Number of protein chains: 2
Amino acid sequence: MNEAFHKLDPEKQRRIWDAVLREFAQHGYANASTNRIVQEAGIGKGMLFYYFNSKEELFRRALEYSLDYLQREYVSKLDYTEPDFITRFVQITELKMRAHLQNPLPFALLANVQINQDARQLFPDLQQRMAELASSELSKLWANVDTSLFREDIPPRQVMNLIRWSMEGYQNEVMNQLKDKDLTGLDWQAYVEEFYAFLDVLRKVFYKEGDHGSTKSQ
Amino acid sequence: MNEAFHKLDPEKQRRIWDAVLREFAQHGYANASTNRIVQEAGIGKGMLFYYFNSKEELFRRALEYSLDYLQREYVSKLDYTEPDFITRFVQITELKMRAHLQNPLPFALLANVQINQDARQLFPDLQQRMAELASSELSKLWANVDTSLFREDIPPRQVMNLIRWSMEGYQNEVMNQLKDKDLTGLDWQAYVEEFYAFLDVLRKVFYKEGDHGSTKSQ
DNA sequence: GCATAATCGACCACTCTGGTCAAGATGCTC
DNA sequence: GAGCATCTTGACCAGAGTGGTCGATTATGC
């Protein structure tokens, strides 16, 4: 990559990355068009191949950029000291949503690469970095959980899976509901309260009986 | 569509549909190639446009074929008399897997159309038929459920959602595990037993206490 | 033998591709 | 201002691929 790119006005860098990531995320490696990228980025065609030398390198850099973004804005901020599994999972989800809200494109690109096998054989090293990121995130999720909070007639592993699946299902449901709606002027408070009520249900179902505290008080 | 197509050797028809569905499912409408289709189907280019007159009609027919397949092999076989929600859900899942195993391509094509908005504005009528199919399937899922089996300290609606999400999560997990493996000579029995054990956990968690019968005996 | 239907694939005009490069703009130093 | 290096552009390239056509050839049924 030409180092001139790094000297660019940051706003312009962002515009270029935006266009690049969006194009690759939407169309995959093979069907992405460098013409559309320069058009959307508002730069001349020559510049794209001046900064990056080929489409292949461009894609490689885009993937690296996305992985770096996730590492920096999400994975590195994860905190695995919280022993309460549900609370921890909520924290993680919040972080992920925050990073996603700030810039959804890296997520979109990585999701596309995961599904579309376009790039798999072309960039096996990055494919591996992706796999590592995903597996390390998940394996750490299970570590140092205080399983003594769980009800004892079900294996802790299964309890954690059930909680995870339930929360993921809940998330997807809310996402789908909100997809088409106008987000301005939305009654967030109602959603948040419903969510905490949902957490209380999970605690009631999967935790030991007794007062383990409502989540609302947080 | 040229009626000559219907007079074709059924095996040849199947080969053509296979190639068509696979291509559209993999690449979406815009990026699908009629050249690749005829090559994979093993017919001359002329024939494709003899049977179907244009790429647009071809896609339309492919979508209709897929919707018909799902209707015939899956939705029409659904039975909503079983009052036990878990049992019903298992039955539904089994039907879906059976149809999917017999021919996954219609599922793949519809999934692609759902995600890729390629075709949305081109074929709004079929888009609507898809939406109807999905919503009718889901709304019927909730009807006539014997909620008296559920524990009473949680709204029945929420119990059903939690069960649904848990089972979907379980499915995805198993699917992911099996994705790369060699399916021949697999120990299915072990999987089935683990699944029934999982169902027992769900019953223990979400149903009223007392002997509601193990699922293993089925 | 003959009409009709089925089948092929070379061919068409066209669009789009990743990539190049001569020409010019811009900024910096003296 | 001149001179030089660095940026920036977009017209242009050869090549690949597009959906679709059609004259030629073969198979079928009577």
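Note that the coordinates shown come from a computational prediction; the quantities given were computed from them, not determined experimentally. In what follows, chains carry the letters A, B, and so on, assigned in the order in which the sequence lines appear, proteins first and then strands, with residues in each chain numbered from 1.
B:L58 has its CG atom 13 Å from the C1' atom of D:dG20, to the nearest Å. Distance CD1 (B:I37) to C1' (D:dG20): 13 Å, rounded to an integer number of Å. A straight line from CD of A:Q39 to P of D:dG10 spans 11 Å, rounded to a whole angstrom. Between the P atom of D:dG17 and the NE2 atom of B:H27 lies a distance of 13 Å, rounded to the nearest Å. When rounded to the nearest whole Å, the span between CZ of A:F5 and C1' of D:dT6 equals 17 Å. Across the protein-nucleic acid pair, A:L48 atom CG and D:dC7 atom P stand 16 Å apart, rounded to whole Å. If you measure from atom CZ of A:F52 to atom P of C:dT20, you get 16 Å, rounded to the nearest angstrom. We find that CD of B:E23 is positioned 13 Å from P of D:dG17, with the value rounded to whole Å.
Counting heavy atoms from C-beta on, the side chains of B:I92 and B:E82 never come closer than 4.5 Å.
Shortest non-hydrogen contact noted between A:Y29 and A:E56 is OH-CA, 3.4 Å.
Nearest nucleotide to the A:S33 side chain, out of C:dG19, C:dG18, D:dG19: C:dG18. Taking only side-chain atoms of B:F49, from C-beta outward, the nucleotide of C:dT20, D:dG19, D:dT18 with the closest atom is D:dG19.
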Protein proximity profile, nucleotides 6-12 of chain C - base contact B, sugar-phosphate-only contact S, no contact -, cut-off 4.0 Å on heavy atoms: SBSB---
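Salt bridge status for A:D146 with A:R88: absent, with no side-chain N to carboxylate O gap under 4.0 Å. Under 4.0 Å is where a charged nitrogen must lie from a carboxylate oxygen, and between B:E168 and B:R164 at least one such pair does.
Around atom CD of A:Q102, more than 12 heavy atoms belonging to other residues, nucleotides or ligands sit under 6.0 Å away.
Side-chain contact, B:Q177 with B:E173: no donor N or O sits under 3.5 Å from an acceptor N or O.
In this structure, A:A30 reaches neither bases nor backbone, as no heavy-atom distance under 4.0 Å exists between it and the strands shown.
Here B:E94 contributes atom CD and B:M97 contributes atom CE; the two are 8.5 Å apart, rounded to the nearest 0.5 Å.
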